[in-house]
Amino acid sequence: MSTSSLLANNPYRILGVYGSSSLKERISNKNRISAFLKVGKNINFPTDLNSVLGDLHRTKELIVEAESKINFPEGQLAYALFWLIQKDSFDTIAINHLLNGNLLKSKEIFQKRDSFVSDINLAVISLIDSDLVETVNRIFSILHNPSKWSDFVATVSGEDQVCSTDDVVKMLTDIFEEEIGLTQLVEVYSQSKEVLNNERSIVKDKLGKKIQVVVKNEIERSDKIISAANSSKEYVNEALRFKSAVQHSIETLQSYFEISEGYRQVVCDEVAETIDRLINCASNEIDHSINIPLIKQLLEYAQSISISNVVKEQLSSTIEAVTQLEEILCIKPQLDAIKKELDKASACSPDINVAEKLFSVILPYLDQIQEKVGAQNKVYLLTSSSVVQVVMGIVVTALNNLQNGMTRDKILYGNCEAIFNQALNLLQRLKPLPSSEKVRNLLDKNLSTIKAEVDQIRNAKIQTEKKQSSGCLIWILAGLVVLFLLNS
């Protein structure tokens, strides 16, 4: 709404009187207006300022409303602070120029005398010129000048003091807010040299609370979506809607509130956390329709407005997770294939042949993943480590089952060497694959254990062969002795 609406809707204008008019004059004008309205006619007064404010069409309702606004002291004083005041012939001359449309001449005359009357009439001229800052400067210079304020109160209300300036400031602020909005009012108060810091704080506090309510309502709406949505697209769309709905409020906070001020801290962090929650929900519902670049933009916006370190770190973690998600979607066919093979292997009884086949089938998929995302990629490293662990687990379980079903002698002297060698070779093939420190240590331990077992089997076989060789030599010697005895 334009600043001229402050003048156009001023109840003193509606009643066709000056701000300095007496109660008797207001009642007289009201009766004249009512008489004209009864016969369906409109009446004009010199103070209507139709040439600059547009035609005024009075109604019964408009008159009743105007009268109610200045029926109490705060209203009389607050509205009179931005309406024409006429006290003597000097004012009459200047106002006549204003009424005839010569604003410059009127302004020139009023500037020649320092008084509350000149200040108020100059404030009206500033409003006509849409200079609300100068209007506020003029008005508040009266409010903060005890002598001018006293003269003003006596002229408007006919009494020395009827209410405090604080009450009038509050009333005036409410009027300005209704006509021009809180955001513009905060801007005007911040630029005005006559408005005190505590008066600015009152308006900023109202704006902060209003923004809090707006944002809270949007957060509650998003929370309902979080509870009901079941696809990544729904969550992302809601994040977009939410950002659009609160963006103006955030920009207002950033413009008029310091980072250290509570309203900005609380609201900005709450908005950032809401976007983070929505994106986390979207990430949990992985599908190929998910728009990763758009998600990153939303998270980067949330991070740019967040203030507390806790929220910033939380968003950094989410951005990192989304980056990993982007990588997962890139290699999803390979991951799905690996999972399928792992599921097939888990359905079989633990067997080294099963482990060997599993490794042979999965290895090409691991190579493809490495080629797409790099050898240092976290997803690749985690997948590789998991494959090593699963294959090793099948081998170890198969060997344990084998040992549990045989005596020690049968293991050492039976035909188990080939099985243990097969296991040893397979585990050695796992060594080049990247894996976690825990998995690597376990692999080394199992390799060492199986190698020791193979060595024991081999040693037992050598000892058996030696015993068999010694027996043959004894029988050969015995045969020679017998032949010797027979010949002799």
Evaluation steps, salt bridge (Lys or Arg N to Asp or Glu O under 4.0 Å), between Lys224 and Glu220: CA-CA 6 Å; Lys224 290 178 181 177; Glu220 288 176 353; over 6 Å; no
Between Ala302 and Ala272, the two heavy atoms sitting closest are O-CB, 3.5 Å
Heavy-atom side-chain proximity of Asn145 to Trp149 below 4.5 angstrom: no
Please list all pairs meeting salt bridge (Lys or Arg N to Asp or Glu O under 4.0 Å) that have one or both residues in residues 337-353, counting only residues at least two apart or in different chains. Lys339-Asp343, Glu341-Lys344
Within residues 380-406 or reaching into it, pairs that qualify as salt bridge (Lys or Arg N to Asp or Glu O under 4.0 Å) - sequence neighbours excluded: none
Restricting to salt bridge (Lys or Arg N to Asp or Glu O under 4.0 Å), what partner residues turn up for Lys296, sequence neighbours left out? Glu326
Going by the salt bridge (Lys or Arg N to Asp or Glu O under 4.0 Å) test, which pairs reach into residues 208-219, not counting sequence neighbours? Asp205-Lys209, Glu218-Arg241
Quick one, Ile125 and Thr135 - any side-chain contact, counting heavy atoms below 4.5 Å? no
Would you mind reporting whether Gln247 and Phe242 have side-chain heavy atoms less than 4.5 Å apart? no
So do the side chains of Glu453 and Gln403 get within less than 4.5 Å of each other, counting heavy atoms only? yes
Thr274 to Ser222 - nearest heavy-atom pair and separation: CG2-CB, 4.0 Å
Value rounded to 0.5 Å, distance of CG in Leu366 from CD in Gln368: 9.5 Å
Electrostatic pair Arg277:Glu273 at N-O distance under 4.0 angstrom: no
Check whether Ser68 reaches the backbone of Glu65 with its side chain - one donor and one acceptor, N or O, closer than 3.5 Å. yes
Ring pair (Phe, Tyr, Trp, His ring centres under 6.0 Å) pairs touching residues 323-365, sequence neighbours excluded, are none
Enumerate donor-acceptor pairs with a distance under 3.5 Å from any side-chain N or O in residues 394-402 to protein atoms, sequence neighbours excluded.
from   : atom 1 : to     : atom 2 : distance (Å)
Thr397 : OG1    : Gly393 : O      : 2.7
Asn400 : ND2    : Val396 : O      : 3.3
Asn401 : ND2    : Thr397 : O      : 3.4

Answer whether the closest heavy-atom distance between the side chains of Met171 and Ile175 falls below 4.5 Å. yes
Quick one: list whatever passes ring-ring contact (aromatic ring centres under 6.0 Å, His included) with Tyr79, sequence neighbours left out. Phe82
What are the two closest heavy atoms between Leu426 and Val391, and how far apart are they? CD2-CG1, 4.1 Å
So, for Ser385 and Ser436, which heavy atoms are closest and what is the spacing to 0.1 Å? OG-N, 3.0 Å
Any side-chain heavy-atom pair from Ile202 and Val169 closer than 4.5 angstrom? no
Is there a donor-acceptor contact under 3.5 Å from the side chain of Ser5 to the main chain of Ala8? no
Looking at Asp131 and Arg138, does any basic side-chain N land under 4.0 Å from a carboxylate oxygen? no
Taking only distance into account, with no hydrogens and no angle test, what donor-acceptor pairs under 3.5 Å do side-chain atoms of residues 249-258 form with protein atoms, sequence neighbours excluded?
from   : atom 1 : to     : atom 2 : distance (Å)
Thr252 : OG1    : His248 : O      : 2.9
Ser255 : OG     : Glu251 : O      : 2.8
Tyr256 : OH     : Glu187 : OE1    : 2.9

By the side chain to side chain donor-acceptor pair (under 3.5 Å) test, which pairs, at least two apart or in different chains, include something from residues 422-432? Asn353-Gln422, Glu356-Gln422, Lys431-Asp444
List the atom of Ser435, the atom of Val439, and the distance in Å for their closest heavy-atom pair. CB-CG1, 3.9 Å
According to ring pair (Phe, Tyr, Trp, His ring centres under 6.0 Å), does anything in residues 189-213 pair up with another residue at least two apart or in another chain? List the pairs. Phe140-Tyr189
Rounded distance [0.5 Å steps], CG in Leu196 versus NE2 in His144: 3.5 Å
Is the shortest heavy-atom distance from the side chain of Leu7 to the side chain of Arg13 under 4.5 Å? no
Quick check: do Glu261 and Lys204 have side-chain heavy atoms less than 4.5 Å from each other? yes
Asn280 side, atom CG; Ile226 side, atom CD1 - distance, nearest 0.5 Å: 9.5 Å
Going by side chain to side chain contact (heavy atoms under 4.5 Å, CB included), name the residues that satisfy it together with Ser192, two or more places apart in sequence or in a different chain. Val136, Asn137, Glu194, Val195
On a heavy-atom basis, which atom in Val379 and which in Gln324 lie closest, and how many Å separate them? CG2-O, 4.3 Å
Could you pull out every donor-acceptor pair under 3.5 Å between side chains of residues 306-315 and any protein atom, sequence neighbours left out?
from   : atom 1 : to     : atom 2 : distance (Å)
Ser306 : OG     : Gln303 : O      : 2.9
Ser308 : OG     : Asp269 : OD2    : 3.2
Ser308 : OG     : Val311 : N      : 3.3
Lys312 : NZ     : Gln303 : O      : 3.3
Lys312 : NZ     : Ser306 : O      : 3.0
Gln314 : NE2    : Asp276 : OD2    : 2.8

Working to the nearest 0.5 angstrom, can you tell me the gap between Asp223 CG and Leu278 CG? 8.0 Å
